[in-house]
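Lettering follows sequence order; numbering is per chain, from 1.
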Amino acid sequence: MANEQEAESYTVEELVAVNPYNPDILNDLEGFVNDQVSNQTYNLDANLSLLRLYQFEPERLSVQIVARILVKALMAMPGPDFSLCLFLIPEHVQMEEQFKTLIVLSHYLETARFRQFWDEAAKNRNILDVVPGFEQAIQSYAIHVLSLTYQKVPRPVLAEAINIEGLALDKFLEHHVANSGWVIEKGARSQLIVLPRNEFNHPELKKNTAETVPFEHVTRIFPVLS
Amino acid sequence: MASSYRDREDMATGGGGTSAAAAAAAYDPSYVPDSVKTFVSHLYRHIRDRNVYETHQMYEGGFHRLSDRHFRDTPWPPAEAVAPHCDGDHVFLLLYRELWFRHAHARLQGQGLTPAQRAESWDNYCSLFSVVLQGVVNMQLPNQWLWDMVDEFVYQFQSYCQYRAKLKNKTQEEINLLKQYDQAWSVYGVLNYLKALVEKSMIGEILEREKVGLEQFTATDGYDYEGGSNVLKMLGYYSMIGLLRVHCLLGDYHTGLKCLAPIDISQQGVYTTVIGSHISTIYHYGFASLMMRRYVDGIREFNKILLYILKCKQYHQNSPQYDQLLKKNEQMYALLAICLSLCPQDKLIDENVGTQLKEKYGDKMTKMHRYDDEAYAIYDELFSYACPKFITASPPVLREPFTNYNQDAYRLQLKLFLYEVKQQQLLSGIRSYLKLYSTITIGKLAKYMDVDEVTLRTILMTYKHKMHSINSDGKVISSADFDFYIDEDIIHVVESKLTKNHGDYFLRQILKFEEMINQLDKVQFD
């Protein structure tokens, strides 16, 4: 069964690479979106190809499929996939209620307004629950932004960002302490979570790339040296 | 010969039907001036002799002189009338017709280029490309000509989409013609021809092999010195840029950049030897980068090409491309102003480019930083001035009500762009405050900025998110000109040191001097 599915998605990816400008593959691409949803995979190129075909054949546009593509794109944050998809969807289609909601959700995520995001998401579970893995993907994104910003983040800030509280949050923290190098400290007003060091929250780790010369650049003068 | 792009408002083709008929009546299709007879037979001979230099002279110079002298607002003689002067050569006549339609599009638009003529031009491109794709063409043509062909192909497609999206004032006759020629300039056709040229020419493989030294391509500027033809190869090469352009017109920036990926724009290459192709490549690359929020990529490339144009535009003053060059130059300054307003960078701009930028947009850039209504108006103005002419690719619905929807695509892109600008509204406030401190508590900064602490935390995270983009390899790249991190509730601002990139400087100078030495070596004294 798994092999069959693998063979199918291999074929669709091939289609997108070899013959993307072809209305005959529209149904395959729609099927592929549903595959991505059920298998928790993601392929931006295929989804953009489908949105392009919808542009060329507006009568064949499926609001349901587009909604799924947009939810998947949200899950790809911090990548700009959501706006890349919006660029291809005609304005009047974006007026659909579902899409207006998704645009609002994207706006909250882009501006790090996590509390508003989770509130709004709770009111729209019908759109979001269709796509498994949504919550985890957004929590990943939230942690990504926190890791860019904080060396040590207060527990309430983390809780609001990932929408987990109380005992569930304790378990979550335990898991990341064990697996992701998080450390819990006691702060002035609350627990502090020390996030892993990276070049964005620890500027001293930033490699001084200014003085290093990439090898490919040096190869340019090989003809001169010889 | 460059297609002269119209101003933002295309001239209305109202009443096109009758004036086209009048022009056709005045136009004697059998009249072929002697100079044209000579032109055709000489051009035909030069192409047959594979004399690229002479072909180029006639193509760039001769064609324009004759157009100016005899064909200011009438078409050239039809292919049938000049056939006797080129042995009726089928392929040559396809090339001639391509020039014919290009001239017609440039000079006759105001007087009503009919849908029939536009459709015939499409048919001609189909025939021409089909012949090339069969791999039977044995000519060598100047790269300028081959670039212009692809450039014009995309331009006529864009022009046709604009034309057929303006239904309000069309006569019933025009509507019927649109119905009749509904297969002309289909978006599938355009995209598939460009893709076919890329694939059949195997240009991707050629460029890969060149990287490991197994192929000469850039070194010969794409020309074939072993008796073969450069036509398919170069059309394939230029079609990659054509695909980037078409995808930008559709609003698909990601795929557009993917199409361009085989060309390494961090270096000189065949795309830089024809200035039109150089500018078109960088303009679209930069614009796509801007829309994908890869501001630093856009800034870097705009800076390079604007510097190049500053230095070399004097050499192109007499070229028919000059107006187009100047227009794109101005547009790229506008895009650069936008990029720098959204993503300030001190170190990436060359001094001379910076001076020009300040002259043209200094005031506006200051205003854009304020993020008030006036600022949005300026972002709107610059974007609208500099953006490509987006198209609606789907065929028109030829039923009542007949509206003009040619601006829809542009309005959508503008709206989404301004939406992104709005999301960055509070970030310039952060920059101005944090530049004054090395550390400051969240509480204090919140008070100065007149927001509550929770809001301030979201603003700080938004700054981090917007200033860190994901590049094409999926890595997080910071484009922040200044940075900070937070320790519980203290913000630590990071000093950014000015670094001089000596290694790169030496590399550039080594290559430059080597080039100079090579040129001096070539000098021969009589």
Side-chain angles (χ1 to χ4, degrees), chain A residues 20-23 44-45 48-49 51-52 55-58 78-81 83-84 86-91 94 103 107 110-115 144-146 148-154 157 160-161 187-189 192 199-203 206 208 210-213 216-218 220-221 223-224, chain B residues 187-188 191-192 195 247 250-255 258 266-267 291-293 392-395 408-409 411-413 415-416 419-420 423 426 454 457-466 468-470 474 476 478 483-489 492 494-495 499-504 507 510-511 514:
Chain A
Y21 312 123
N22 178 358
L44 176 66
D45 288 322
L48 289 176
S49 295
L51 290 175
R52 265 196 328 258
Q55 253 194 359
F56 305 161
E57 320 256 326
D81 299 25
S83 10
L84 295 181
L86 280 190
F87 287 134
L88 294 174
I89 302 173
E91 211 172 331
Q94 291 188 27
I103 291 172
H107 177 74
E110 286 285 338
T111 51
R113 293 189 176 110
F114 291 109
R115 203 199 68 234
H144 159 84
V145 180
L146 290 172
L148 291 177
T149 318
Y150 289 92
Q151 284 188 356
K152 300 182 186 176
V153 57
V157 174
E160 184 177 273
R189 284 177 277 175
L192 280 185
E199 69 184 84
F200 307 111
N201 63 10
H202 279 81
K206 197 166 180 174
N208 188 1
E211 282 306 313
T212 63
V213 181
E216 305 89 62
H217 292 190
V218 179
R220 277 188 244 153
I221 62 166
V224 179
Chain B
V187 65
Y188 295 115
L191 285 168
N192 281 315
K195 190 164 181 12
H247 284 284
L250 298 172
D252 187 353
Y253 309 105
H254 172 90
T255 313
K258 267 189 97 165
S266 69
Q267 297 197 40
M291 297 305 268
M292 291 186 68
R293 303 191 225 151
T392 306
S394 55
D408 285 2
R411 271 201 290 262
L412 173 63
Q413 302 299 312
K415 176 173 161 188
L416 292 172
Y419 192 65
E420 176 67 29
Q423 283 180 350
L426 295 165
V454 174
R457 284 186 195 270
T458 64
I459 298 175
L460 291 168
M461 283 198 285
T462 308
Y463 178 88
K464 281 289 195 170
H465 167 59
K466 293 293 187 189
H468 291 78
S469 53
I470 310 291
V476 179
S478 165
D483 215 343
F484 63 87
Y485 63 88
I486 308 181
D487 192 342
E488 190 175 2
D489 57 356
H492 298 257
V494 178
E495 269 295 327
T499 45
K500 273 203 166 295
N501 206 339
H502 294 117
D504 215 40
L507 282 174
I510 290 173
L511 289 171
E514 187 65 21

- Message: Suppose we call two aromatic rings close when their centres sit under 6.0 Å apart. Are His465(B) and Phe114(A) close by that rule?
- Response: no
Looking only at Arg457(B), Met291(B), Met292(B), the option with the highest number of non-hydrogen pairs under 4.5 Å against chain A is Arg457(B)
**Message:** Please determine whether side chain to side chain contact (heavy atoms under 4.5 Å, CB included) holds for the pair Thr149(A) and Phe484(B), giving the CA-CA distance in whole Å, both sets of side-chain angles, and the decisive distance to 0.1 Å.
**Reply:** CA-CA 8 Å; Thr149(A) 318; Phe484(B) 63 87; 4.0 Å; yes
Parallel, tilted or perpendicular, judged at 30° and 60°: which one describes the rings of Phe200(A) and His468(B)? perpendicular
Bottom line for His202(A): the part with an atom under 4.5 Å from chain B's heavy atoms is neither
Quiz item: Any side-chain heavy atom of Asp489(B) sitting closer than 4.5 Å to one from Pro154(A)?
Solution: no
N/O donor-acceptor pair under 3.5 Å between Asp408(B) side chain and Pro90(A) backbone | no
If you tally heavy-atom pairs under 4.5 Å between each of Leu88(A), Val157(A), Leu146(A), Val145(A) and chain B, the highest tally belongs to Leu88(A)
Separation between CG (Leu148(A)) and CD1 (Ile486(B)), nearest 0.5 Å, reads 11.0 Å
Applying a strict 4.5 Å limit to non-hydrogen atoms, the region of Ala161(A) in contact with chain B is neither
Under 4.5 Å to a heavy atom of chain B? For Leu86(A) that would be both
Looking only at heavy atoms, the pair that brings Gln413(B) and Phe87(A) closest together is NE2-O, 3.0 Å
Practice problem: Using a 4.5 Å cut-off on heavy atoms from C-beta on, say whether the side chain of Glu199(A) contacts that of Ser478(B). | Solution: no
(request) Using a 4.5 Å cut-off on heavy atoms from C-beta on, say whether the side chain of Gln94(A) contacts that of Leu412(B). (result) yes
(request) Taking only Lys NZ, Arg NE, NH1 and NH2, and the carboxylate oxygens of Asp or Glu, determine whether Arg411(B) and Glu91(A) approach each other closer than 4.0 Å. (result) no
Among Asp81(A), Val153(A), Ile103(A), Asn201(A), the residue with the most heavy-atom pairs under 4.5 Å to chain B is Asn201(A)
Chain A shares the most heavy-atom pairs under 4.5 Å, among Val187(B), Leu191(B), Val476(B), Ile470(B), with Leu191(B)
Honestly, the part of Asn22(A) sitting under 4.5 Å from a heavy atom of chain B is backbone
(Q) Taking the side chain as everything from C-beta on, heavy atoms only, tell me whether Tyr150(A) gets closer than 4.5 Å to Lys464(B). (A) no
Note to self: Quick one, Glu110(A) and Thr462(B) - any side-chain contact, counting heavy atoms below 4.5 Å?
What the structure shows: no
Turns out that what part of Leu44(A) lies under 4.5 Å from chain B's heavy atoms comes down to side chain
Cut-off 4.5 Å, heavy atoms of chain B, and the answer for Pro23(A) is both
With chain A, the option among Lys415(B), His247(B), Glu488(B), Met461(B) that has the most non-hydrogen atom pairs under 4.5 Å is Glu488(B)
Answer key: most heavy-atom pairs under 4.5 Å with chain B among Pro58(A), Pro78(A), Ser49(A) is Pro78(A)
Under the criterion side chain to side chain contact (heavy atoms under 4.5 Å, CB included), I'd like the reasoning laid out for Asp252(B) against Gln55(A): C-alpha separation, chi angles, the key distance, then a yes or no. CA-CA 11 Å; Asp252(B) 187 353; Gln55(A) 253 194 359; over 6 Å; no
If you tally heavy-atom pairs under 4.5 Å between each of Gln151(A), His144(A), Glu160(A), Arg189(A) and chain B, the highest tally belongs to Gln151(A)
